Amino acid sequence: MLRTYALLGFLLLILLLLPFFLSQYLLGIFVFIFYYAYLGQSWNILTGYTGNISLGHSLYVGIGAYVSTLLSMNLGISPWIGMLIGGLGASFISLIMGYLAFRFGLRNVYFVLITIAFAEIGRLVALHLKPLGQFMGLFIDFKPAAANFQFKGNMPYYYISLGFVVFSLVVVRAIELSKLGRYIVALREDEDAAESIGVNAFKYKMIALGISSFMTALAGTFYANYIFYLHPRASCPWPCPLRSSSVPSSEAWGLCSGL
């Protein structure tokens with residue numbers, strides 16, 4: 001284990017020094033690599049560890065993006081703070097969906113369908129509400145400043161996205177080593193057997209869903225302040241959950257190293 005951590009530390013050091021040898025174009029590619037790696041790990045907390053496949057995580061990306069952007073544009077709240085508020089909002093919506101799904105025992109394809117339904121509702125709401133820009137979307141004014149989560153060049157975004165990936169790995173590793181991690185893995189392997197020995201399936205699946213949606217929403221704020229434009233097709237497109245789910249390989253679902 002010590003050798004593994006040493007190798008990861010060495011890899012992190014290389015990634016920290018890499019931007020000084022790359023062009024802006026290549027930095028942009030790495031930004032998106034880290035962005036989707038972070039989304040994949042956030043998605044993995046729910047699908048990989050509990051076994052409940054979600055194809056609606058694009059909804060949480062959109063909530064994080066829109067909430068932080070609207071708070072910044074209308075109330076002058078820094079996106080760094082709005083990012084956390086958006087994460088809480090995404091968790092709240094996800095828990096409503098989770099209650100409807102888990103309380104009534106929806107599993108497998110039925111759970112997949114309810115996640116798609118909520119994502120589609122979110123997309124239609126964003127397309128038809130004027131404060132959300134409707135079909136035109138929202139353009140974000142470029143005011144480069146750290147407090148505004150806006151920077152010139154790709155290097156700051158590179159380090160922020162790398163920080164997101166490290167954060168996700170730490171969170172997932174902590175979950176793996178915790179009682180929560182053991183319980184949700186037991187639910188994934190055999191939910192009925194886990195419940196028979198006292199594991200509260202509803203409680204722990206809700207916790208996993210809340211954590212997963214909160215972390216996913218943080219990525220929405222990052223994405224919004226990287227492309228400076230919000231539209232349901234840009235911030236929460238249909239391919240988003242499919243890209244997220246393709247990051248951890250099918251053999252590595254439920255593993256911290258599944259990137």
Side-chain angles (χ1 to χ4, degrees), residues 19 24 27-43 45 56-95 119 122-123 125-127 129-134 136-171 210-237 240-241 243-244:
Q24 288 294 314
L27 282 176
I29 292 177
F30 271 95
V31 167
F32 277 105
I33 290 174
F34 294 148
Y35 171 75
Y36 283 112
Y38 174 79
L39 279 180
Q41 280 290 41
S42 301
W43 178 86
I45 292 173
H57 267 50
S58 56
L59 172 65
Y60 312 132
V61 176
I63 291 175
Y66 276 99
V67 169
S68 61
T69 298
L70 291 174
L71 289 175
S72 177
M73 294 174 64
N74 298 324
L75 300 178
I77 297 177
S78 170
W80 295 100
I81 300 175
M83 176 171 61
L84 301 177
I85 299 174
L88 293 175
S91 291
F92 177 73
I93 298 298
S94 73
L95 292 179
R123 186 184 71 87
V125 168
L127 284 174
L129 282 185
K130 189 174 182 180
L132 301 183
Q134 296 179 316
M136 292 295 294
L138 291 175
F139 291 90
I140 302 174
D141 293 334
F142 181 58
K143 300 176 182 178
N148 294 333
F149 210 129
Q150 297 179 5
F151 307 93
K152 295 180 179 179
N154 284 325
M155 186 175 292
Y157 292 105
Y158 174 95
Y159 285 115
I160 293 173
S161 58
L162 175 59
F164 270 51
V165 173
V166 173
F167 167 69
S168 69
L169 292 173
V170 171
V171 170
I211 295 173
S212 179
S213 58
F214 178 86
M215 291 178 59
T216 302
L218 302 185
T221 298
F222 174 85
Y223 190 75
N225 288 280
Y226 184 63
I227 66 172
F228 307 112
Y229 175 65
L230 281 182
H231 189 279
R233 292 179 181 174
S235 58
C236 45
C240 179
R243 291 183 191 136
S244 303

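Because only heavy atoms are used, hydrogens play no part in the values below, and waters and symmetry mates are left out as well, while side chains stay in. Everything quoted here is computed from the prediction, not taken from an experiment.
- With Tyr158 contributing its side chain and Phe34 its backbone, the two residues share no donor-acceptor pair below 3.5 Å.
- Rounding to the nearest 0.5 Å gives a distance of 8.0 Å between OG of Ser42 and CZ of Phe167.
- Atom CE in Met155 sits 12.5 Å away from atom CZ in Phe30 (nearest 0.5 Å).
- In this structure, Phe142 places its CZ atom where more than 12 heavy-atom neighbours from other residues, nucleotides or ligands lie under 6.0 Å away.
- In this structure, Ser161 and Tyr38 have side chains that are not in contact, with every pair of non-hydrogen atoms separated by 4.5 Å or more.
- Judged by distance alone, with hydrogens and angles left aside, the side-chain atoms of Ser94 form a donor-acceptor pair with the main-chain N or O of Ser91 at under 3.5 Å.
- In this structure, Ser58 and Ala119 approach most closely via the heavy-atom pair OG-CB, 3.9 Å.
- Interatomic distance, CZ of Phe32 versus OH of Tyr223, reported as 5.0 Å (0.5 Å rounding).
- Asn154 and Tyr226 share a donor-acceptor pair across their side chains, judged by distance under 3.5 Å alone.
- The two residues Gln150 and Asn225 have their closest heavy-atom pair at NE2-OD1, 3.8 Å.
- Considering CZ of Phe222 and CD1 of Ile227, their distance stands at 10.5 Å, rounded to 0.5 Å.
- Side-chain contact between His231 and Leu127 is present, with at least one heavy-atom pair separated by less than 4.5 Å.
- Distance OH/Tyr60 to OG/Ser212: 7.5 Å, rounded to 0.5 Å.
- The shortest distance between side-chain heavy atoms of Leu138 and Leu70 falls below 4.5 Å.
- Aromatic pair Tyr35/Phe164: centroids not less than 6.0 angstrom apart.
- In this structure, Val165 and Gln41 have side chains that are not in contact, with every pair of non-hydrogen atoms separated by 4.5 Å or more.
- Considering every non-hydrogen atom in both Ala217 and Gly86, the closest pair reads CB-O, 3.8 Å.
- Going from atom OG1 of Thr216 over to atom CD1 of Ile45 covers 7.5 Å, rounded to the nearest 0.5 Å.
- Shown here for Phe214 and Gly87, the closest heavy-atom pair between the two residues is CD1-C, 3.2 Å.
- Closest of all the heavy-atom pairs between Met73 and Phe139 is CE-O, 4.3 Å.
- Each of Leu88, Ile93, Thr221 was checked for a side chain to side chain contact (heavy atoms under 4.5 Å, CB included) with Ile63, and the lone residue meeting it is Ile93.
- The shortest non-hydrogen separation linking Ala146 to Trp80 is O-NE1, 2.6 Å.
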